[in-house]
Structures are given as structure tokens and as C-alpha cells.
Amino acid sequence: MAGGSSTGITNLETTAGHKNELSGFSLPPATLQKLPHLTDYLQNLQTSTNPLENSRFYHPSDGFYLTRNDVVLRQIVFDLSLTNVASPLLAYHRAGPRKEIYFRPGGHVRAAIVTCGGLCPGMNTVIRELVVGLWELYGVRDIFGVKSGYRGFYSGEAAVRLDPKMVHNWHRRGGTLLETSRGGFDLDKIVNAIQDRGFNQGLGLLAPFRAFTFRLQILGFRFVAEHTECLRILPFLALTGKWMSAYNEQVYVIGGDGTLRGAVKIFNEIRRRKLEIAVTGIPKTVDNDVGIIDRSFGFHTAVEMAQQAISAAHVEAESAVNGIGLVKLMGRSTGHIALHATLSSRDVDCCLIPENNFYLEGKGGLLEFLEDRLKQNGHAVVVVAEGAGQDIIPRTKAQKEEEDESGNPVFLDVGGWLKSELKRWWARDHPNELFTVKHIDPTYMIRAVPANATDNLYCTLLAHSAIHGVMAGYTGFVSGPINGNYAYIPVEEVAQVKNEVNTKDHQWAWVRSVTNQPDFVGI
Ligand SMILES: Nc1ncnc2c1ncn2[C@@H]1O[C@H](COP(=O)(O)OP(=O)(O)O)[C@@H](O)[C@H]1O
Ligand SMILES: O=P(O)(O)OC[C@H]1O[C@](O)(COP(=O)(O)O)[C@@H](O)[C@@H]1O
Ligand SMILES: [Mg+2]
């Protein structure tokens, strides 16, 4: 061995004179991020042994169960020349099965699954795996799909009872078979429905009856409070309360940044009401704009689909005299899809994303660049994320303020605008030369497809992580990979952090070196 100790890397010398630098470098202690748990606000909860212990098919070996000592570090990249790493390191609980669980397996658990926001490849896979995992691993038999997003909790549309047979081939289908929607978030109505109508009470024919008794109970308590002579009915009220809470509920919310902000509110309200209901979020966004986790499911599938549009744009551009292929890709406020599609395709001459402003005219502008490319190659391909260029597209005040039902900004069509600007420019500067712009806008095609193999596997691991965490009594959390390891992260934290393209990092530098596009700093 080249001059090192046999016990570790600290004394390792690679070649003479090149001492390793780790000796002067020490990591600060890590802080373990607190994860909300049902026992934070409910006492005397009963626990039981994980039913996997007695599984007919699987025998847990040593190390199978995770404990509070198993953590995942958020930061794993350091500059060894710095002797002090400024911020404290953050650690999160590792996702996986716990030996002790807080939901009695079998007939006492009732789970609700809901999908919100825009579509994303893999949503049906997550639903499927939640159903199959709850059923097979933990014996849960009361699993319900809430229809059409958050509004489905109170809209009157009955939740669908789900079982493994019903969902067995859902992973092969795009979209969400539970349906989704934007808007419709009404905290009280949602939590009331969870508490007294939908999922933590008797079902089928009993459901309306239980809802009725719950309302009677509330009315009863009010009445007793006002008429003290009726105190003798208190035991009856208490008894119905106990009967009603015989089921414990789990709520699985599949959605993006907006949905997770809603999940934070639901969790806080459930905690305020001291309900034995666990809430967990499964981050979904085709844009990959949810922070902290490595990436969101369906993102790779979408990038793969985007390749087809880029290839078509390239063929069209190549086959024309002075041809420009213009592809508009999804990415409301982040350019991850455009960036990854550009890096993987190599046919792209210029990638425009919301995080990097651009301009058309003058030195260092897009038109000057395209003029050069057309001179050199006879064609060019431009990829633009839908949220790019919004500041330079002329628009009315009303257009500026437009929002969708969830409060997301509604953008003007940057693809259509760019196409007409390019045509205007060419007609002005080269009136006698042929020119073609082929604008391809695959929009929903990149997200309305089933997940590819990698994303399907990812969805499965996510769903199982969520189930294990909830069964262990955790609540108000999100599951997701951090540096390749699945972890539990407080939903509040995830809801606050947006994952934007860092235009100062190497990835963006690669885009620049692959395309040689301008940096638009002259702006
Ligand atoms: N700040 C918020 N508080 C509560 N609910 C929200 C919030 N933002 C969005 N929502 C709700 O979350 C759901 C999905 O949000 P949306 O932004 O459309 O999609 P996504 O979750 O994919 O980002 C909608 O029902 C919306 O009303
Ligand atoms: O489905 P809609 O309402 O047309 O919205 C389209 C938007 O949804 C997205 O696909 C994803 O948005 P969310 O993940 O936030 O739902 C964006 O890329 C796009 O701007
Ligand atoms: Mg969103």
C-alpha cells in the first residue's frame, strides 16, 4: 500500500510528496432533523410488533429494521481546504420499516390516497404500490382513493375502495386513475371530512350513520354545556366517541409544491385537533421543482419523451434552408426538463430557461447567435422552457395577474411568441433569403405517459418508504431520496424549498459548453 496506514484514509499518502489533506479537516457535528410523530401530541398510544416479523414470505434478518439511529446526511460534498464547514450538517431519519408500529395491523387502519396538481408519469404506480404495500405488508384492508384532488374530500363524490386486484396493472397507465385537480383547498372542509365523514369511521352502510352520530355527539356536547341538568348523558357521548375512534386513519397525499403546502396545513390542523391520523406527502412534479430530494418521480420519463420532440425539431431544421427547430418544454418556473433534455440530446444549439434571463436584439443576444449558427450549420435547434422569457413578452396588466385555480401564474406562450419574433427578424434583416421556423410544443405529451422502468422502481420505493414511516407513527413528513438514500423529511421543510437550476454550477456550465450559447450577461 502506498505509504498509508492500514486503518483508514487519514494517513494515506498517494505518491511521495502528496499527502492527503483530510488530516486538517474536521466535520462539524450533525443535527438530526426532528420528525413529527403521533406521540408528540397523543399519549398512551398502543404499539405492536411489525407484522413483517411473522410474514409467511419474508423473514427479517439483522439490520432489517431501522431505528432512530439510522440517518441520512444532507451534505456530502465538502471543500477539504476549508478547516471549518460553516453551517451545521443536517441529518434526516432514514426511511424503512420499524420493528415497533403505531397502527394495529388488520382491520383497524383506514388509509386514504389523493392525487393533486398536474399530471406526472408514475402517479398510478405510486397509488398501486401504496395499495399493494398496505395490503400485503401490513394487512390493511380499508384503502380508499379520494377522487379529483383536495376537493374530493368534501365534494360529495364517493371515495373509491381500492384493493390489489383492482390496481394490479395501474403502473402501466399514464395519468392518475383517481383523477386530479387544481384549487379547491378548503382546510376545514377537508379536515372535517377526514375526521367525521370519510375515512376514520365506519364504512359502507355504516358511514352515514357514523357521520350522523358524530354530529349528534357534537350537538349533544353543546347541549350539555348549555343545560347542566343533562350531565347524565355524558357517559353515552363519551362511549360513542370511543366507538367512533375505533379506526385510525392514514392520509397519503401525492402532489407537488402546492399540494405539500396544503398538506402542511392539514397536518397542523389534525395535530391541533389531536386526532390519531397520520399525514404524509409523496412529492410529485414533472418540473422537478420540489427541493431537498434528489429528483422527483416521472422527471426522467418526461426528459426521455422530450427527446422525441427535439429529434423531430432537428430533422425539420436540418431539412430546410435556414431552418430553426423550436421546442417548448414544460417547466413553469424551473428549467430542469429543458436543461436535461438539452444535455442528453446534443442536437440543441440554445437552451433557454427561466433561471437565466435572455434577450433577442443586439450584441450577445439570441438573434445574433442564431445568425452565426445558421451561417455555420444552415440550421439550429432552440429549446425553451415555458417559464423562460416571461419578462420580455409584452403583456397587459390583466395577463400579468392571471393565475390558475391553485394560484400558480399563467404564462404567455413563449414558443409562439419566439416563433413570430424570429420570423419578424428574418424578414427584416434577410428579406430575400429562405427561412423556416418549425415550432414543436409537446406540452402534455411528456407527462401524460406511463413511467419508464427507472421511475417505476423509484415510485415503488417511495410508496413503501411512506407506508413504513406512517406505520411507525411518523406524520407530517415526506419521503424521498437524499444523496441516493431514502429519508423522511418534515413536510414543512420540503414545502418551503424550491429546487431551481443553479446557473453557477457545473451542470449549467456543461450546457454552455455543449451549446456554446451566449450567457446573455449583456442584458
Ligand atoms: N399554499 C397553499 N395552501 C394550501 N393549499 C394549496 C396551496 N397551494 C396550492 N394548494 C393546493 O394544492 C393543490 C395542488 O396545487 P398545484 O399548485 O395546482 O399543484 P402542485 O401540488 O402539483 O404544485 C390544489 O388543490 C391547490 O389548491
Ligand atoms: O395542467 P395544467 O393546469 O395545464 O398546468 C400545466 C403546468 O403543470 C406542470 O406540468 C406541472 O405543474 P405541477 O407539478 O406544479 O402541478 C407545469 O410544467 C405546467 O406549467
Ligand atoms: Mg407546482
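Start at 1 and go down the list; that is how both ligands and their atoms are numbered.
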- Query: Nearest protein heavy-atom contact for atom 14 (O) of ligand 2: which residue, which atom, what distance?
  - Reply: Lys284 NZ, 3.4 Å
- Do any N/O atoms on Gly183 end up under 3.5 angstrom from N/O atoms on ligand 1? yes
- Between the side chains of Thr125 and Asn456, is a donor N or O closer than 3.5 angstrom to an acceptor N or O? yes
- Do we see a donor-acceptor contact under 3.5 Å between the side chains of Arg273 and Asn192? yes
- Task: Could you list which atoms of ligand 1 come closer than 4.0 Å to a heavy atom of Arg261?
- Result: 1 (N), 2 (C)
- Query: For atom 10 (O) of ligand 2, what's the nearest protein heavy atom and its distance?
  - Reply: Arg447 NH1, 2.8 Å
- Numbered atoms and elements of ligand 2 in range of Gly331, under 4.0 angstrom, heavy atoms: 18 (O)
- Message: Under 4.0 Å from a heavy atom of Asp287: which atoms of ligand 2 are those, numbered in the order shown and with their elements?
- Response: 11 (C), 17 (C), 18 (O)
- Message: Pair Asp404, Arg332 - check salt bridge (charged side-chain N to carboxylate O under 4.0 Å, His left out), show working.
- Response: CA-CA 12 Å; Asp404 71 9; Arg332 188 189 277 126; 3.8 Å; yes
- Has ligand 2 got any nitrogen or oxygen that is less than 3.5 angstrom from a nitrogen or oxygen of Arg182? yes
- Of the listed options Ser296, Cys116, Gly262, closest to atom 4 (C) of ligand 1 (non-hydrogen atoms): Gly262
- Looking at ligand 1, does any of its N/O atoms fall within less than 3.5 Å of an N/O of Ser181? no
- Message: Can you tell me how the ring of Tyr488 sits relative to the ring of Tyr474, calling it parallel under 30°, perpendicular over 60° and tilted otherwise?
- Response: tilted
- Query: Hey, does Lys284 sit under 4.0 Å from ligand 1 if you only count heavy atoms?
  - Reply: yes
- Message: Just by distance, no angles: are the side chains of Arg271 and Asn268 close enough, under 3.5 Å, to form a donor-acceptor pair?
- Response: yes
- Sub-3.5 Å N/O-N/O distance, Lys265 and ligand 1: yes
- For the Mg ion (ligand 3), which N, O or S atom of Asp257 is at the shortest distance? OD1
- Please check if any side-chain donor atom of Ser155 sits under 3.5 Å from a side-chain acceptor atom of Lys147, or the reverse. no
- Task: Look at atom 16 (O) of ligand 2 and say which protein heavy atom is nearest, naming residue and atom and giving the distance to 0.1 Å.
- Result: Gly118 N, 2.7 Å
- Looking only at N/O atoms, are Arg182 and ligand 1 under 3.5 Å apart anywhere? yes
- Heavy-atom nearest neighbour in the protein, as seen from atom 15 (O) of ligand 2, with distance rounded to 0.1 Å: Arg332 NH1, 3.3 Å
- Message: I need the nearest protein heavy-atom contact for atom 20 (O) of ligand 2: residue, atom name and distance, please.
- Response: Glu386 OE2, 2.5 Å
- Query: Without hydrogens or angle criteria, can the side chains of Thr301 and Asp455 be said to hold a donor-acceptor pair below 3.5 Å?
  - Reply: yes
- Query: Hey, would you say the His37 and Tyr102 ring centroids sit under 6.0 Å apart?
  - Reply: yes
- Carboxylate-amine/guanidinium proximity below 4.0 Å for Lys265 and Asp186: no
- Contact check, Thr285 vs ligand 1, heavy-atom distance below 4.0 Å: no
- Check: Asn408/Glu403 side-chain N/O donor and acceptor closer than 3.5 Å: no
- Query: Which residue supplies the protein heavy atom nearest to atom 15 (O) of ligand 1, what is that atom called, and how far is it?
  - Reply: Ser406 OG, 3.5 Å
- Residue Thr285 vicinity, atoms of ligand 2 by number, heavy atom under 4.0 Å: 14 (O)
- Task: Report the part of Leu260 (side chain from C-beta onward, or backbone N, CA, C, O) that has a heavy atom under 4.0 Å from ligand 1; answer both or neither where that applies.
- Result: neither
- Query: Using 30° and 60° as the class limits, which term best fits the ring planes of His464 and His468: parallel, tilted or perpendicular?
  - Reply: perpendicular
- Using a strict cut-off of 4.0 Å, indicate which atoms of ligand 1 neighbour a heavy atom of Gly117. 14 (C), 18 (O), 19 (O), 22 (O)
- Query: Which of the atoms of ligand 1 are close to Asp257, meaning less than 4.0 Å from one of its heavy atoms?
  - Reply: 20 (P), 21 (O), 23 (O)
- Task: Examine the side chains of Ser344 and Gln307 and answer whether a donor and an acceptor come within less than 3.5 Å of each other.
- Result: yes
- Query: For the residue pair Tyr359 and Phe520, does the interplanar ring angle fall in the parallel (under 30°), tilted (30 to 60°) or perpendicular (over 60°) class?
  - Reply: perpendicular
- Note on the structure: When distances are taken from atom 4 (O) of ligand 2, the protein heavy atom at minimum range is Tyr444 OH, 2.5 Å
- Is there a heavy atom of Val286 sitting under 4.0 angstrom from any atom of ligand 2? yes
- Query: Which atoms of ligand 2 have any heavy atom of Met330 under 4.0 Å away?
  - Reply: 10 (O), 18 (O)
- Report yes if Gly255 has an N/O atom closer than 3.5 Å to an N/O atom of ligand 1; otherwise report no. no
- Message: Geometry only, no angles: is Asn408 polar-contacting ligand 1 at N/O separations under 3.5 Å?
- Response: yes
- Say whether Ser479 and Ser465, considering side chains only, have a donor N or O and an acceptor N or O under 3.5 Å apart. no
